[in-house]
2 protein chains.
Amino acid sequence: MRRSQQDRSRGTKAALTAAARALFAARGYDAVPADEIVRAAGVTRGALYHHYADKKALFRDVVVGLEAEITAEIRTAMTSAPDLPTGIAAALTAFLDACARPEVRQVSLLDAPRVLGWSDWRAIEAEFGLALLIEAFTLATDAGLVRPQPVGVLSRLILSALTEAALLIADADDPAQIRAQAEQALGTWIAGLIG
Amino acid sequence: MRRSQQDRSRGTKAALTAAARALFAARGYDAVPADEIVRAAGVTRGALYHHYADKKALFRDVVVGLEAEITAEIRTAMTSAPDLPTGIAAALTAFLDACARPEVRQVSLLDAPRVLGWSDWRAIEAEFGLALLIEAFTLATDAGLVRPQPVGVLSRLILSALTEAALLIADADDPAQIRAQAEQALGTWIAGLIG
DNA sequence: AAGTCTTACATACATACGGTATGTATGTAA
DNA sequence: TTACATACATACCGTATGTATGTAAGACTT
């Protein structure tokens, strides 16, 4: 059986991103040498630098994949709920769960801003997580749940608070308690937006 | 004139942190080789590794110094106001101004979490910025401006939103507009805490 | 189907950085 | 003033990234 060049490329890129994702998640971006990634992926440095300009480009691919994945999860949680308010609540839960995963925490929250640069990272976030948040916001506004207002900046502030909450929970000795406090604080905030 | 050993140490450490701070601020932690730092400080690698365990330890010293500096500025802004509400407003302004400085943005907000590790960075933040925020919160609670509540988690969420706002403003094409939106959003949040 | 071109990879190498080991000068105390 | 500790300088080593070069495997052309 003859594999096409496209298939070959897809296969090795997938192997590289999968290996890189696991290693980056476990030890962080620059604690993982490219050698180890290619070894885990069953290829050599040649393959890596053929498909990616540099190590950072591979990392970016990992981040985008991860972001796409968790955004899909959250979107599913939100849209599969019977009504919008419970959907939003479910989305919040799904978000906190996603951020609690070590790979998300390490790769997407800790490494990404610095490795990719803040503005590039922000662009990725805007494409995925922020887009979802603004979507939810718009739905809520249309449903009359919150009063109309410029949502761009507000969404980013909320997203950062959500992210911070997720990190706090992940790092806490008593996650349940911290999560309760965080959800209460965030709930109060959201409630204040209704009017 | 004979300089004591303490004076020598203080001098070279100060030269190292000053040089490192400027270089880290301009180009980021790992874009700056230690060689360049020691050259700028007028010493050699020997001096660096005599006083600091590694490059990261020097960076940490820079972060702590920076944090102490801006916290002092903000505290001054807050306490030198005639009353608490205007003091808090002044503190907010001072905070946003501080975060807008490139060195704070790069060193303290972008590099620090990853280079030092999130929990160590969090500890530094807790000692300076967060402590100030909680202090303000407690004052406001005592003055009856906000209702009593657990402030630890809430303060962190607010701090992260404040920080995000500062980054957004620093990165915006139209800083004034973004700043206005951010202050409005934050103001609404704070207002919701009263009662 | 033979030859040519292009893509996909492997290997070898150049370079740069961080950290250490060793040597030397300067201050300090018995 | 002798014995020691502290503060630095220099030379070196290991390891990482990225590049240059070579090779094999599809993919067109005729």
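What you are looking at is a predicted structure, and each value in this text was computed from that prediction instead of being measured. Computed from heavy atoms alone, side chains included, the values below leave out hydrogens, waters and symmetry copies. Numbers restart at 1 for each chain; the letters A, B, ... are given by sequence-line order, proteins then strands.
Salt bridge Lys56(B)/Asp111(B): absent, no basic N to carboxylate O contact under 4.0 Å. Salt bridge annotation for Asp30(A)-Arg114(B): present, with a cationic side-chain nitrogen under 4.0 angstrom from a carboxylate oxygen. Looking at Glu67(A) and Arg60(A), no side-chain N of the basic residue comes within less than 4.0 Å of a carboxylate O on the acidic one, giving no salt bridge. A salt bridge between Glu164(A) and Arg122(B) is absent, with no side-chain N of the basic residue lying under 4.0 Å from a carboxylate O of the acidic one.
Residues in residues 54-110 of chain B take part in these ring pair (Phe, Tyr, Trp, His ring centres under 6.0 Å) pairs, two or more places apart or across chains: Phe24(B)-Phe59(B), Tyr29(B)-Phe59(B).
Nucleotide dG26(D) holds its C1' atom 15 Å from the CZ atom of Arg10(A), rounded to whole Å. One can place CZ of Arg39(A) at 12 Å from P of dT17(D), the figure rounded to the nearest angstrom. In this structure, Tyr49(B) atom OH and dT22(C) atom P are separated by 18 Å, rounded to whole Å. In this structure, Ile37(A) atom CD1 and dA16(D) atom P are separated by 11 Å, rounded to whole Å. Rounding to whole angstrom units, CG of residue Asp30(A) and C1' of dG19(C) are separated by 16 Å.
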Can you name the atoms? Protein N/O to nucleotides 9-13 of chain D N/O, anything below 3.5 Å, with the distance.
residue, atom, partner, partner atom, Å
dA9(D), OP2, Thr44(B), N, 2.8
dA9(D), OP2, Thr44(B), OG1, 2.5
dA9(D), O5', Thr44(B), OG1, 3.1

Filtered N/O pairs between nucleotides 5-8 of chain C and protein, under 3.5 Å:
residue, atom, partner, partner atom, Å
dA8(C), OP1, Ser9(A), OG, 2.5
dA8(C), OP2, His50(A), NE2, 2.9

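Counting non-hydrogen atoms under 4.0 angstrom, Val38(A) reaches nothing in the nucleic acid.
Of the residues in residues 52-62 of chain A, Asp54(A), Lys55(A) come within less than 4.0 Å of DNA chain D through at least one heavy atom, sorted by number.
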Query raised in the report: Dot-bracket for DNA chain C: what is it, with Watson-Crick or G-U pairs under 3.5 Å, [ ] where a pair crosses earlier ones, and | for a pair to another strand?
Result: ||||||||||||||||||||||||||||||
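A cation-pi geometry, defined here as NZ or CZ lying under 6.0 Å from the six-membered ring centre and within 45° of its normal, holds between Lys13(A) and Tyr52(A).
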Extract all donor-acceptor atom pairs below 3.5 Å that involve side chains of residues 32-45 of chain A and protein atoms in other chains or at least two apart in sequence.
residue, atom, partner, partner atom, Å
Glu36(A), OE1, Arg27(A), NH2, 3.0
Glu36(A), OE2, Arg27(A), NH1, 3.0
Thr44(A), OG1, Gly46(A), N, 3.4

